[in-house]
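Here is the structure we will look at, set down as structure tokens.
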Amino acid sequence: MLLFFLKKLIWAVATLIFASVVVFLALEIVPGDPAQVMLGINATDEAVAALRENLGLNKPAIERYFSWISGMVVGDFGRSYTYSVDVRELVADRIAISLPLALIALALSTIIALPVGIYAASRRGKIADTVVMAISQFGIAIPNFWFALLMVYVLAIWLQLVPAGGFPGWTEGFWTALKSLLLPAIALALPQAAILSRVTRSALLETMGEDYIRTARAKGLSKRATLWNHALRNAMIPVLTILGLQFAYLLAGTIIIENVFYLPGLGRLVFQAINLRDLIVVESVVMMLVATIIVINLLVDLAYVWVDPRLRTRAS
Amino acid sequence: MNTSEFFKTALRNRSFSIGLFISALVIGMALVSYIWTPYSVIDLDIGGKLKAPNATYWFGTDHFGRDIFSMIMVGARNSIAVALVAVIVGIGVGVPIGCWAAARGGFLDEALMRGNDVIFAFPALLSAVMITAVFGPGAINAIIAIGIFNIPVFARLARGAALSLWPRDFIMAARAAGKSSFRITWEHIVPNMTNLLIVQGTIAFALGILQEAGLAYVGLGTQPPFPSWGKMLNEAQTMMSFAPHMAIFPGVAIVITVLGLNLLGDGLRDVLDPRIAKDRT
Amino acid sequence: MLDIKNLTLSISGTPILNDVNLSVGAGKILGIVGESGSGKSLTALSTMQLLPDGSAIDGEILLKGKDILQANEEEMQRVRGQEISMIFQEPMTALNPVHTIGAQVCEAIRNSTDLSKSELETRAIETLEKVGLPVSRFPLSRYPHELSGGQRQRVMIAMACAQQPSLMIADEPTTALDVTLQAQILNLLRSIVDETGMSLILISHDLAVVAEVTDDIVVMRNGEVLDAGPTGDVLRKLNHPYTAQLAKASTHVPQRNSAPVLSAEQKSNGSIPILKARDIVRDYPTARKSLFQREKPFRAVKGVNFELFKGQSMGLVGESGCGKSTLARIVLGLDKPTSGNVNFLGHDLANVEGEEMRQARRNVQVVFQDPFASFNPRHRVERLVSEPLYLEPELSKSDRRDRVRSALSEVGMNDTALDKYPHEFSGGQRQRLAIARALITRPALIVADEPVSALDVSIRAQVLDLLADLRERLDLTYLFISHDLGVVRAICDEVMVMDAGEIVEHGPVTDVFTAPKSQAAKELVDATPNLERALANRVD
């Protein structure tokens, strides 16, 4: 068992290291002199030379990689040239918006999708199932940022129920801040919930065809009891896989949707950084997001063990 | 089952027929846009800007006075091209990787699949962010980013299918005939996973359209003056309060296209799957 | 106890059962026998009312005089488990993998009583003990995947007995198990019937099993009951032609015109064996035990020696996991031994590569068990059957076509098959195609891995005849792998018995099967159901 956890942990760390090399190399191949690129064509040679020194660009790539990565580990992300502040400070403020937003959206989509999927499966072929599946088919097809635009139009511009966007900051009180994340979270969550509910339904229906379901029925259990006691937990295995994948989508979706609601999250930061060619900020933000995705996938892997006892024995 | 038999069964499937109809319509619209659009999408007409939908401009005009219907027609090209090429990249690179991993097994399998996991941690958006940061914005970015994202999806699918086929007796028979694992993969493994690939390809196509729209919306995709659905939504955002039609029509175009492709994929799955099932019972 | 009257069933418009009548007395065992598609399993599922959607059912199913076909779903839930319980064929998938065996047995008990948790567990332990799973070795916290197939089938039986039903239905309960386990499970079922006075319906394709265990028998074909009565009567008198045909097919021995080829005689003649295996060992690596330690590799084959002479038909029998399939793969050159060598017509199969391997492969071909899995569903017969000609690249296109035609005619099929796909053929025809594929390179040796196990008895008899005929006409040598001693006895000259990776006995079939010397061979012979022996042992 311990070996299993250890193995998963080692793989997660290895994946992280690989990913960091990918990110580092990707930004390493920037055409031309990064310092020149960052400062623009009007910069003086002295300024470029100073920035090169400042960024450590005169050192070999390997050395720069290790100083970047060791800095990351201890929380020193380097200094943003364009903002003239430590990247850590920049990112800390922004991630306090993006990460909660993604997590709230994940929770929302799960809370909506599981009951809906179970309900549809239990009414298979009936009118309720058909309606739910038709709605979810539409849900999958809707881009979340467009859905967000429509919500802003209807709720903020037309009905004037909520502000169109912006974020007061966590300092303004937990609930006030949370309220401004609610609309974006719903916009992110609903399309994902559509996918997840379909997966839940089909996983359940598939397990309902298994031999052990027939065994349970032969014991005298009702269809309902069989679904809850026997099918559900087995069906959670594919659902978990999708849940893990969805987190990556949601994180990406967060970055897009921050634009709709004018939320000062990582998304806004990274797009400004691209325009300003602030490579250090881009590098740091991408790496943080990738790390978050890897950590969530590790948690999903561990959740499998909780659901499926077969993995427990193989692991021990 | 030959082609005509396939269509006979498939057209009886409602999802498939509706999906095929919608997809054909969108693709047709994109093709027509090469030779004809109601109005030019390049020429600006500031005097006729922000018109609500009317008899001359079915979907209204944008803030430069361009016809939104024409822009949607031309935008379809871009969406389809990006998503299609990304699917081809995904299949072209992912399937060989998956088949190779399954055929060799052991350490190579493990290594390839771990490599996959690394790519899985990069949603298309993050790849696009990095590519744009390095090379500047452009339509190619979107193709590369979505294509890279598709690779592990198809690699996993192909590996799973290949692993389930390898222990089958007909593969053993081919091995007894002295065929190499490369040859067996080409002759026996790949043909038996085409159904899965077609279904997943359709779904990845639909997802690609959504992703492309997202990238274009945040400015990482196609650049002006070419219209794209995502970019149209971006431009519409600031004019929501007085020109909501600018946001509604491109969004509806995306929804209908993705819906059509998803229905087509679902229909194909229903039509193609029973044959596999029939063979085994 | 149970009376089924005029039962008619159709599923989505396809008629399945037609006017089925049968009855089981209290404390009696009824056997239902039939080939695949006879409707025997669906008769059982009709009784439980666990039929697939789209089923239309008519008639009466009287349980203790009450028609349960009229019962609503809620009443049926009381009937299932408490009145009638059921066990199924495939023990590997019949238990829920995510719940412990304790939870699953408790669930069966709880359904009929409201005992406290600890009382439930005591009852579960008692029930499991009754089926031979003592709590000391099989605590309630075990999961299904920690048990073997036989143990899982015992858990199934425990659940089926848990609510003390008056009738149990066992649908092919031992088909997926080895013969020694089959004998144990059948004994267990019989002792439960004796102890509890419960009735049992045993569904089987195997006449010998039914002859050994049951009091009464019903013979079904195509959804109809053809023959019924006391088992001894029906199977001895064989009044109904179909019953007679089944009995004949299940003990069928192909006619042979030449004397058996025996190793001892060949050796004394100074003949050279075509295959000589020396000290074959095959190890498989096992899972890592801890970060630094690997478990000792699993030794599937432990130093096996044997020889095959030209024209010989050699049987290789043993329980699943004994290493016989690994050995077969080594002979086929699909797997390399860890040590030892296999000399086949002068080629060392353990070490050759490339062109020499190709030469060797032409002379050894294979026929697999499952005729449905042994062909690529997307290729036509011509391409499928000619696949081994890959080993003879020098052949022209027309030569290849001629070879395919002649191979098809050898197995009794004609040219119209060439352009068809495998799914257009029946199981028996596909197995003929598989044999044609094996013949096409004109090999000296054919390795047949359970070639008739997946076939119904009447088809099995035909395929055995074909194999016997081909051997004499084409002077083939067979290595015939099977778990079914009856089949080996019918077609082999000699037999090797494998147990735990070793060949424990080797000799002429008649000697080994009438007077086995090793423990493993004795157990196999005793456990194998035998129609004649079963009828002779019956008291009625």
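Each chain gets a letter, A, B and so on, in the order its sequence line appears, and its residues count up from 1. Owing to the predicted nature of the structure, the values given are computational and were not obtained by experimental measurement.
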| message | As an exercise: rank B:Thr132, B:Leu259, B:Asn234 by heavy-atom pairs under 4.5 Å with chain A and give me the winner. | response | B:Leu259
| Out of B:Leu261, B:Ile254, B:Thr257, which one racks up the most heavy-atom pairs below 4.5 Å with chain A? | B:Ile254
What part of [X] gets within 4.5 angstrom of chain A, counting heavy atoms only: side chain, backbone, both, or neither?
X: B:Ile119; answer: neither
X: B:Phe242; answer: neither
X: B:Asp266; answer: side chain
X: B:Ile256; answer: neither
X: B:Ala206; answer: neither

Considering all heavy atoms, the nearest [X]-[Y] contact:
X: B:Gln237; Y: A:Asn259; value: NE2-O, 3.1 Å
X: B:Ala121; Y: A:Ile293; value: O-CD1, 3.4 Å
X: A:Val282; Y: B:Ala133; value: CG1-CB, 3.9 Å
X: B:Val252; Y: A:Trp146; value: N-CZ2, 3.7 Å
X: B:Pro123; Y: A:Ala252; value: CB-CB, 3.9 Å

Tell me, yes or no, whether the heavy-atom count around [X] atom [atom1], taken from other residues, nucleotides or ligands under 6.0 Å, exceeds 12.
X: A:Arg268; atom1: CZ; result: yes
X: A:Trp68; atom1: CH2; result: yes
X: A:Ile127; atom1: CD1; result: no
X: B:Arg14; atom1: CZ; result: no
X: A:Glu206; atom1: CD; result: no
X: B:Phe107; atom1: CZ; result: no
X: A:Phe24; atom1: CZ; result: yes

By a 4.5 Å heavy-atom criterion (distance strictly below it), what part of [X] contacts chain B: side chain, backbone, both, or neither?
X: A:Phe271; result: side chain
X: A:Leu245; result: side chain
X: A:Phe147; result: neither

Indicate yes or no: at least one non-hydrogen side-chain atom of [X] is less than 4.5 angstrom from one of [Y].
X: A:Pro143; Y: B:Val255; value: yes
X: A:Val285; Y: B:Val129; value: no
X: B:Phe120; Y: A:Thr15; value: no

[X] side, atom [atom1]; [Y] side, atom [atom2] - distance, nearest 0.5 Å:
X: B:Leu215; Y: A:Ile256; atom1: CG; atom2: CD1; result: 6.0 Å
X: B:Met246; Y: A:Leu149; atom1: CE; atom2: CG; result: 11.0 Å
X: B:Ile248; Y: A:Leu150; atom1: CD1; atom2: CG; result: 6.5 Å

| said: Treating A:Glu283 as the side-chain partner and B:Met130 as the backbone partner, does any N or O pair qualify as donor plus acceptor under 3.5 Å? | reply: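 Here the side-chain-to-backbone pair does not exist.
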| task | Check the pair B:Leu126 / A:Leu289 against side-chain contact (heavy atoms from CB on, under 4.5 Å), numbers first and verdict last. | result | CA-CA 8 Å; B:Leu126 290 191; A:Leu289 293 175; 3.5 Å; yes
| message | Please identify, among A:Trp11, A:Tyr249, A:Phe247, the residue contributing the most non-hydrogen atom pairs under 4.5 Å to chain B. | response |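 Sorted descending by pairs with chain B, the first entry is A:Trp11.
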| task | Specify which of A:Val22, A:Val270, A:Val260, A:Val286 makes the most heavy-atom pairs with chain B at under 4.5 Å. | result | A:Val260
| request: Using the side-chain contact (heavy atoms from CB on, under 4.5 Å) rule, take A:Ile294 and B:Asp117 through it: C-alpha gap first, then chi angles, then the decisive distance, then the call. | output: CA-CA 9 Å; A:Ile294 291 171; B:Asp117 287 355; over 6 Å; no
| Relative to the ring of B:Tyr217, is the ring of A:Phe145 parallel (under 30°), tilted (30 to 60°) or perpendicular (over 60°)? | parallel
